[in-house]
Amino acid sequence: MAKLWGGRFENEISGFADEWAASLPFDKALYKEDICGSIAHARMLAKQGILTEADARLIVSGLEEILDDISSGKLDLTADGYEDIHTAVESVLTERIGAAGKRLHTARSRNDQVATDTRLWLKEGILKDIGLLSDLRRALIKTAREHTDTVMPGYTHLQHAQPVSFAFHLMAYQQMFTRDAGRLWDCYGRTDAMPLGSGALAGTTYESDREYLADELGFAGVCSNAMDAVSDRDFVIEYIGACAIIMTHLSRFCEEIILWSSSEFGFVDVDDAFSTGSSIMPQKKNPDMAELIRGKSGRVYGDLMNILTVMKGLPLAYNKDMQEDKIPLFDAADTVSGSVAVFTAMFETLKINADAMEAAAKKGYMNATDAADYLVRKGVPFREAHEAVGKLVLHAIKEGKPLEDLSLDEFLEHSGKFEKDIYDAIDIRACMDAKLSEGSTSLDSVEAQIAAAEESLGSAD
Ligand code: ARG
């Protein structure tokens, strides 16, 4: 295959090495961005008098045709063994329109071209991810609204800790996914600068209008140092970093759904549409999607290590190593968008067993802290109250009873400050509602959290 850079060479590149080094098999995903970038570039060159209007018209209509042909499947760029997407598009263009095609690569390099294509592609990808996260946040809020009165055990160390509402638990994740969206927005802002016109590394000798190009391509501005523009992939690292955190949050949530759907918990039932069976055990219903999402977090962490390692130690400016950036980038983007979409659909069809949650919440002495707080309200120092209630719990465990089933005499044996109203104070819902601090699991607080989340989602649309 003829090379764009063949002039200086006496001999051909090894066919085997050429094929091995080609990026077209993966960077073909950038065809739309590459062509749109070239169309804007041709228009800019004509506007600046660097290219004739006639040549620019031929180039633009040729590129538009190529775009249509690729999109409709009429043109397969991979069939001819081109080196990369930039070479493929330019070569097909020249084949189709002749000499004018050879003028397109004036005042640019593949180095600023690939950085521009990648940023364009990523900007769209980020917006898609933010949309998917909004759907998930909406689903969480909707279910939270329905479960502000559903009590469940709150855990630390996976041991019963204090009663919380299911809505409260869901709103914790809602907060995490809100920050995830915020991280993506931050990354979007830094990706939104245009490298085109930087040339290979030092700028170009032409009077390019880079502001015009940025406008045409929808960038907020231009990269202000040509060497930086073609050298760095920090926006890719940042994006995959944000993806890795999203996968961490999804993975933790999946782990809980897997636990909750076991017969030991029975808190939720994963819909058949998101479960699979066993080829040998007829009774099985497995939460495969949740497990897979948990597993796919490993892929995205790997993608992050991949790009960090590729970039580490590269001298400025462009190095061919950087061609490897697209593999982890595309993989992380596909994995995250698929995982968020499948998770949301699985979550929306989840059956919630509020009775099982409440029954579990009544076990494990989760009202013990409230019994201690009760004593504190009666003037007992917290440390002493903790000790007294600890002994009370030990007594209750030996009796095989929850605290609320102990007699007042049994309470009084452990502290003379207990009175009849202790029973109201340790009622599971009362314990939940007694929380006064901002951001707590009390009904008022959770409703405020839901209202604030709805408002922030509304304003994000
Ligand atoms: N395929 C290359 C990449 O993705 C395009 C840039 C090539 N530039 C170069 N100087 N060889 O990085």
Side-chain angles (χ1 to χ4, degrees), residues 1-9 12-38 41 63 66 70 77-94 102 104-125 191 194-205 217 223 225-237 239-240 303 306-333:
M1 177 53 54
K3 293 294 178 193
L4 299 178
W5 38 260
R8 181 242 176 273
F9 288 80
E12 294 235 315
I13 187 169
S14 138
F16 153 70
D18 194 26
E19 193 185 329
W20 177 80
S23 57
L24 188 60
F26 51 89
D27 69 17
K28 64 181 180 199
L30 297 175
Y31 78 91
K32 203 174 78 210
E33 290 73 16
D34 195 73
I35 293 174
C36 292
S38 287
H41 185 66
L63 287 169
I66 294 175
I70 301 174
L77 287 179
T78 54
D80 288 320
Y82 294 112
E83 196 177 313
D84 56 26
I85 184 65
H86 329 292
T87 311
V89 170
E90 191 184 319
S91 305
V92 173
L93 179 71
T94 304
K102 295 186 180 171
L104 172 61
H105 209 57
T106 315
R108 74 173 188 190
S109 148
R110 278 185 298 164
N111 297 352
D112 54 350
Q113 204 181 342
V114 71
T116 304
D117 293 359
T118 310
R119 284 176 186 254
L120 276 174
W121 184 92
L122 182 54
K123 279 175 53 183
E124 207 179 302
T191 305
M194 192 204 60
L196 201 57
S198 298
L201 74 160
T204 72
T205 50
L217 292 173
C223 297
N225 176 292
M227 190 173 265
D228 172 47
V230 296
S231 295
D232 209 354
R233 295 291 184 267
D234 56 356
F235 57 98
V236 177
I237 299 174
Y239 170 69
I240 304 180
D303 292 330
N306 181 338
I307 185 64
L308 281 167
T309 313
V310 165
M311 294 307 294
K312 173 191 163 298
L314 290 187
L316 302 191
Y318 178 84
N319 298 269
K320 188 76 164 186
D321 316 44
M322 287 152 68
Q323 174 172 288
E324 289 290 304
D325 66 349
K326 284 152 218 85
I327 297 171
L329 172 62
F330 295 160
D331 187 66

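Note that ligands are numbered from 1 as they come in the structure, with each ligand's atoms numbered from 1 the same way.
Within the structure, the closest approach of E83 to ligand 1 does not fall below 4.0 Å when heavy atoms are considered.
Taking only nitrogen or oxygen atoms, main chain and side chain alike, K320 does not reach within less than 3.5 Å of ligand 1. Backbone and side-chain nitrogen or oxygen atoms of H86 are examined, and none is located within less than 3.5 angstrom of a nitrogen or oxygen of ligand 1.
Rounding to the nearest 0.5 Å gives a distance of 7.5 Å between OG of S38 and CG of D117. Considering CG of D325 and CG of D303, their distance stands at 12.0 Å, rounded to 0.5 Å. Between L24 atom CG and H86 atom NE2 the span is 9.5 Å, to the nearest 0.5 Å. Between atom OG1 of residue T106 and atom CZ of residue R108 there is a gap of 9.0 Å, rounded to the nearest 0.5 Å. In this structure, the separation between CD on Q113 and OG1 on T87 is 8.5 Å, given to the nearest 0.5 Å. How far CG of D84 is from CD of E90: 10.0 Å, rounded to the nearest 0.5 Å.
At the shortest separation from atom 11 (N) of ligand 1 among protein heavy atoms lies R110 NH2, 3.6 Å. Ranking the protein heavy atoms by distance from atom 5 (C) of ligand 1 puts D84 OD2, 3.4 Å first. Here the protein heavy atom with the shortest distance to atom 4 (O) of ligand 1 is K326 NZ, 2.9 Å. Scanning the protein for heavy atoms near atom 3 (C) of ligand 1, the closest one is Y318 OH, 3.3 Å. Among protein heavy atoms, atom 8 (N) of ligand 1 sits closest to N111 OD1, 2.9 Å.
At a heavy-atom distance under 4.0 Å, no atom of Q113 approaches ligand 1.
Close approach of ligand 1 to S23 (heavy-atom distance below 4.0 Å) involves ligand atoms 1 (N).
The main-chain N or O of I85 is found under 3.5 Å from a side-chain atom of D27 such that the two form a donor-acceptor pair.
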